[in-house]
Amino acid sequence: MQKMKYKMNKIFIIQIVFIMVLTMVLNIIPTKSQAYTQSHKEGINSFPDKYKSDLQKLASLHPNWKFTAFYTGMSWSDFMSKETSSHLKNTVHNGSDSKWKCSCGRVASGYACASNEIISYYADPRNFLTESGIFQFLEMSYNSSVHNQAGVENILKDTFMDKSITFDFEGSQRTMKYSEIIMDAARQTNISPYSIAIKIIQEVGRSGSSSVSGVYPGYEGYYNFFNVGASDGGNAIENGLKYAKDRNWNSPYVSIIEGAKFLSNSYISVGQNTAYFYKFDVVDGQNGVCNHQYMTNVQDPSSQAKNLYNTYAKNNMLNQSLSFIIPVFDNMPGKCDLPSSIDTSDRNTYYVNGTGVALRERPTTNSSKLATLRLNEFVTVLELECAHADGYSWSKIRRSNNSEGYVATCYIDPANTGKNSIAKIENTYIIVVPDKKLDEVLNTLGITSYEINKADGSGASSGDKAATSYKVKDKNANKTYHIATLGDSNGDGVVNSGDLFAIQKHLLGSGVITDDTKKVAADVNRDGSINSGDIFAVQKYLLGTGSITL
């Protein structure tokens, strides 16, 4: 009996120990994160209200575009918690504004750990529902009726891939253009060749890098065009080339084909089929969410978007049937603004509107390049349009790190803040929303000593409505600005059916608007051209179903 009791106790103890060990093992083994209920819903009406107005503007410009809402099933706070769970998971260039960088101070391969605020800005889809920004949500599948080799060659022009190469392949020599190789990769992987080409340039630069030179010490004859495996820890180039050598990527052809297959198998096939999804993994796949992200740079999707947009525009393909998949989160906050250590309420604060913009020592394209400005970076303008050379107007600016230099004025725009919600200065123009008096506009812009004249040169009163083609001289700054009231395309100071008629005639070619200031006013939706979207904006304003904003 005593022996039986002893055996029972022994079995019980063994079971307890087994359970404890099993629990410890289960806690060590990584498990798939919480499952989310996700769904795709077609059409603009399937989006939350905060998306709709911007998407409607795009639809009016491009009726063939299709918009799909991808409901992630995640709350915004849950998403941000996962994205900020570890340092260097998201990065920005180390030369970025201090508000863009995490207080941890960690830097790897020239990129700093990103702050929560800048991650929020670039992760918020609503910040990029513009004609070019939306291309980070472009569905990446190959479409033979849309994509062609000529389009790829346009992307590769003036890059290191703008040529033919000869290489060994399966025991024989082959000569191919890089554009041919990329088209071959597109057909084999079902990825858009434009996305492939832009991704390569994004990874290794327009001039190429050591990853694709084929002569890197210890890795001669190996290539990694997509920087697959080039993690930021240690030497990123060596990490990537080791990955390539282990897989015998021994020619540019093999590297591009096999790299594209890696993207297709690892990302496209699991639903990460846009530039946004490459960076922000909100697709609840095998690895859970926010665990399978191709790059760390938070600006990568928006940079790719600009390049994709330019490619489609140059090839006259913006009116093709394009599909965009845009994520939606639960309990989203108000729009996440771009953080800056620069005072954005100052009317001398501008932001950089392009990628790869050069800051130069002197106001000329032949001058030394001091730095590359980042897209959406805020800068302080010290001297606006202080020089003209090489076909550009130049402005002297100061960055947040106090470095100074010159930049082509066309690559900077005034910061549009709440203070300037009715008017803002753009180069030689004061852009105004409709139905505002001049004294209200000038007070908003901080112009306290001024002289106002009508288009014919006669004097005007500060109590007049701000009419297109009025001129304002800022006596303190000794600068003259032209008023451009959005929608007031005929310059009578009010937005009415006459303006609608003027824009329609311009588009039909029966009454082209030739005055530069009136052209600015006629671009009502601020997309850079006069088109059907401007007619739509004026119609909604006149019907009382929409407002005209900066």
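Index from 1, following the sequence.
- Taking the six-membered ring for Trp, Phe135 and Tyr312 have ring centres closer than 6.0 Å.
- Shown here is Tyr429, whose OH atom has more than 12 heavy atoms of other residues, nucleotides or ligands within 6.0 Å.
- Using a 3.5 Å distance cut-off with no hydrogens or angles, the side chains of Glu42 and Thr68 do pair a donor with an acceptor.
- Every residue was checked against the side-chain hydrogen bond (donor to acceptor under 3.5 Å, both in side chains) condition with Asn45, not counting sequence neighbours, and none meets it.
- Screening Phe70, Phe324, Tyr276, Phe280 for a ring pair (Phe, Tyr, Trp, His ring centres under 6.0 Å) with Phe137, the sole residue that qualifies is Tyr276.
- Aromatic rings from Phe277 and Tyr294 are positioned such that their centres are separated by 6.0 Å or more.
- Side chains of Gln149 and Ser179: a donor-acceptor N/O pair is present below 3.5 angstrom, by distance only.
- Counting non-hydrogen atoms of neighbouring residues, nucleotides and ligands closer than 6.0 angstrom, the NZ atom of Lys66 reaches no more than 12 such neighbours.
- Between Lys199 and Glu203 there is a salt bridge, since a side-chain N of the basic residue sits under 4.0 Å from a carboxylate O of the acidic one.
- Residues that satisfy the side-chain hydrogen bond (donor to acceptor under 3.5 Å, both in side chains) test with Gln136, not counting sequence neighbours, are absent from this structure.
- Look at Arg399 and Glu377 and you find a salt bridge, because one of the NZ, NE, NH1 or NH2 atoms lies within 4.0 Å of a carboxylate O, short of that distance.
- Here the two rings, on Phe262 and Phe226, have centers that are 6.0 Å apart or farther.
- Of the N and O atoms on the side chains of Ser211 and Asn224, not one donor lies less than 3.5 Å from an acceptor on the other residue.
- Checking Lys279 against Asn297 by side-chain atom types alone, no donor-acceptor pair falls below 3.5 Å.
- Taking the salt bridge (charged side-chain N to carboxylate O under 4.0 Å, His left out) definition, one finds that Lys89 meets it with nothing, sequence neighbours left out.
- Between the side chains of His93 and Gln299, no donor-acceptor pair is found at a separation under 3.5 Å.
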